[in-house]
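What follows is a set of notes on a single structure, which appears directly below.
Here is how names work: the chains are called A, B, and so on, in the same order as the sequence lines, proteins then strands, and each is numbered from 1. From a predicted model like this one, the values you see are computed outputs, not experimental measurements.
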Amino acid sequence: MSKFAVSFEDKVFKNLDGDLDWSIEGYKERGGYDRLAEVLAKDPKEIINSLKPCGMRGRGGAGFPTAIKWSFMPDPTDEKPNYLVCNADEGEPGTCKDRDILRNDPHTLVEGLIIGCHCLQAKTAYVYIRGEYHIESVRMQEAIDQAYEAGYLKEGICDIYIHMGAGAYICGEETALLESLEGKRGQPRLKPPFPANFGLYGCPTTVNNVETIAQMGVIAKKGLDWWTQFGSENNHGTKVFSVSGAINSPKNIEVALGVPLKELIEDFCGGVKGGWDNLQAVIPGGSSTKLLTPEEAETAIMDFDSLKQFNSSLGTAGVVVISKDENLLDIMLRISRFYKHETCGQCTPCREGIPWVYRDLEKLINGKGSIEDIDKLVKLTHKIEGKTICAFADGAVWPVQGLIAKFKPLLEEKLK
Amino acid sequence: MDRITVDIVDVANEYKNSKNEHYKSKMERADQDFKWSKEQLAHIETIKAKYPDNEKGKKSTLLPLLHYAQDEFDGWLPVKLMQLVADTIEMPLIKVQEVATFYTMFNLKPVGKYHLQVCTNCACMVTGSGKVLTSLKEEVGEIEDGMSKDGLFTITEVECLGACIQSPVVQVNKAYKFRQNATSAKELVQKLKAKG
Ligand SMILES: Cc1cc2nc3c(=O)[nH]c(=O)nc-3n(C[C@H](O)[C@H](O)[C@H](O)COP(=O)(O)O)c2cc1C
Ligand code: SF4
Ligand code: FES
């Protein structure tokens, strides 16, 4: 067995595939809610301090060390209570792990939220679920109701509420999410102030991804030694990868961080359709991350730091496999169209620039323009990157930059 | 871009010229002063209870109320229905419209009884969403004023539905249909047509 495989015992999400009983009885049989009282008896700040060396980095895309983020939260006051907000907006193309956690393993998240609320001294947690996840939200609500009934959640002491989004990718950005939760257009806030100081309703708030919160709960229960046996320094633990596209067994799978991409594709997910030699490109971590070539995919290691070597990143760990049977240019143009559709419109470089990038790429793909126009497009993307309120615009130009840097001959071919 | 330039349908507009009878009747039904029933008001109280009992908390009910209004009415949000939501939260109509126009799940125009939303983003594209979309369009037939002539279908291309490992994905109202292909898409429409 691969050394990156995780045993049933060690899995955070024991029912990711939905084969077992998702309800509280099933969850408890698998060891759920045991030792919860022990954790809740400890001092919140001590727990956070003890978790700092765990090498746990946020699973929502940016990879910020979670315990450090938690330590930014001030003590609550009567006027300004603390909030924990769970980001279940999951909209990055290629990413679908949170959905399976919500519908198949909701109690792992509920227990994580209870522990998270304790650590952050929050009495209320909101779970912001993307509006399309209807049955997932119903399932999550059932789990919450069961936890109240069993006494793990107590009104006024720790409450969890679900808030549904309504179709806007940008609401996954944490401050846009807070705006949306406050009943406004989902337009990101200028930072600082950061949510830990000025978050939901102006109160101290921590926003974390579904997977992050669930995993933090389990680390708090099982301890550092257990967690750090997986992965490497700064990249510890297990991680859920969504592997889709031209793959024989598309799936969500929890393996150790640091798994080689080739092993993930070939051994864990049944291999590339038509064989490894049929591979054209891989999107390693959701549509915002830069493409990997087959040569890069051969040696790529899937963690937060290693993918930098190829100028790419782990992002949301949504791996999309693209084979030689597909038209890579059309796929990248479709991704560019996605960003054009989703810009929130606040910053000029993003609102005007991203549609411009799309139009220029479309022209090139249609064979209009000259080789110099390819470089002009790259220059344009540099005028957008890093010049906006949120990271959306960066994520919108990276895929285009990646395409041009690594697959330029495909475009040149069109312009001949 | 698209969410910056959306239009709101004004019921007073010239919908009477539409050749789609179903569209017309939906527009006629939307031209009324909406009121919540007692049961609906009771449900709204449970929504309010999730948020702090103050001005800010009240504003948080806007998205849930828009969802609720759309579900309870005819699957879309005419201006007069938004007015009802505005009155419920004691907020100006323009604020409600500002928010409703930002989110793609709020339908600002009538939609057919079955809203077919086809993901055509990367993972679905790789696994054949193009053929699924073509097949759905063929089987549904002519679209007039946003819906088929029988009032049953609206087809919308959407972004990643977050179920990429089961692609291509089509959302029919609130339910997801997985691993679609040209044939299954055709059968899906036929089944819904038979159901009426
Ligand atoms: C455009 C954009 C979209 C995002 N979408 C999501 C999302 O759907 N889910 C998520 O957890 N984080 C998303 N993020 C990251 C969040 O802003 C935030 O970093 C994250 O929720 C923090 O959680 P973590 O520390 O657990 O990773 C997005 C960021 C950007 C810029
Ligand atoms: S970068 Fe784009 S999405 Fe982010 S705030 Fe600016 S306009 Fe909105
Ligand atoms: S790309 Fe279609 S569901 Fe994600």
Roughly how far, to the nearest 0.5 Å, is [atom2] of [Y] from [atom1] of [X]?
X	Y	atom1	atom2	answer
A:C203	B:K56	SG	NZ	7.0 Å
A:Y201	B:N54	OH	CG	7.5 Å
B:L62	A:E182	CG	CD	12.0 Å
A:I253	B:I165	CD1	CD1	10.5 Å

Any Lys/Arg nitrogen of A:R337 or B:E157 sitting under 4.0 Å from an Asp/Glu carboxylate oxygen of the other?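 Judged by the 4.0 Å cut-off on N to carboxylate O distance, A:R337 and B:E157 do form a salt bridge.
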Considering only heavy atoms, which portion of [X] lies under 4.5 Å from any heavy atom of chain B: side chain, backbone, both, or neither?
X	result
A:D100	side chain
A:S249	neither
A:Y358	neither
A:E132	both

Flag if over 12 foreign heavy atoms under 6.0 Å of [atom1], [X]:
X	atom1	value
B:K58	NZ	yes
A:W356	CH2	no
B:K50	NZ	yes
B:K177	NZ	no
A:K251	NZ	yes
A:K290	NZ	yes
A:K123	NZ	no

Quick one: do A:I331 and B:V126 satisfy side-chain contact (heavy atoms from CB on, under 4.5 Å)? Show the steps, please. CA-CA 8 Å; A:I331 293 169; B:V126 169; 3.6 Å; yes
Test side-chain contact (heavy atoms from CB on, under 4.5 Å) on A:H341 and B:T104; report intermediate values, then the result. CA-CA 10 Å; A:H341 180 256; B:T104 52; 3.8 Å; yes
Restricting to non-hydrogen atoms, name the atom on [X] and the atom on [Y] that form the minimum distance, rounded to 0.1 Å.
X	Y	result
B:Y51	A:Y126	CA-OH, 3.5 Å
A:A166	B:L63	CB-CD2, 4.3 Å
A:L181	B:S60	O-OG, 2.6 Å
B:N121	A:R334	N-NH2, 4.0 Å
A:G186	B:F102	N-CE2, 3.2 Å
B:C160	A:E92	SG-O, 4.3 Å

Greatest number of heavy atom pairs closer than 4.5 Å to chain B - which of [options]:
options	answer
A:S244, A:C96, A:P81	A:C96
A:M164, A:E136, A:E90	A:M164
A:G91, A:C350, A:S323, A:G94	A:G94
A:I135, A:N252, A:I354, A:I283	A:N252
A:S287, A:S242, A:S180, A:A246	A:S180
A:L200, A:D98, A:I162	A:I162

When only pairs under 4.5 Å are counted, which of B:K95, B:Q166, B:M125, B:E159 shares the most heavy-atom pairs with chain A?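 Going by pairs under 4.5 Å, I would pick B:E159.
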Between B:P64, B:C122, B:A123, which has the largest tally of heavy atom pairs under 4.5 Å with chain A?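 Top option by heavy-atom pairs under 4.5 Å: B:C122.
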Checking B:T120 against chain A: side chain, backbone, both or neither under 4.5 Å from a heavy atom?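 Both parts, backbone and side chain.
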Tell me, for B:V96 versus chain A, whether the close heavy atoms (under 4.5 Å) come from the side chain, the backbone, both or neither.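 Looking at B:V96, nothing touches chain A.
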Is the backbone of B:A163 close enough, under 3.5 Å, to the side chain of A:R99 for a donor and an acceptor to pair up by distance?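 No; zero donor-acceptor contacts below 3.5 Å.
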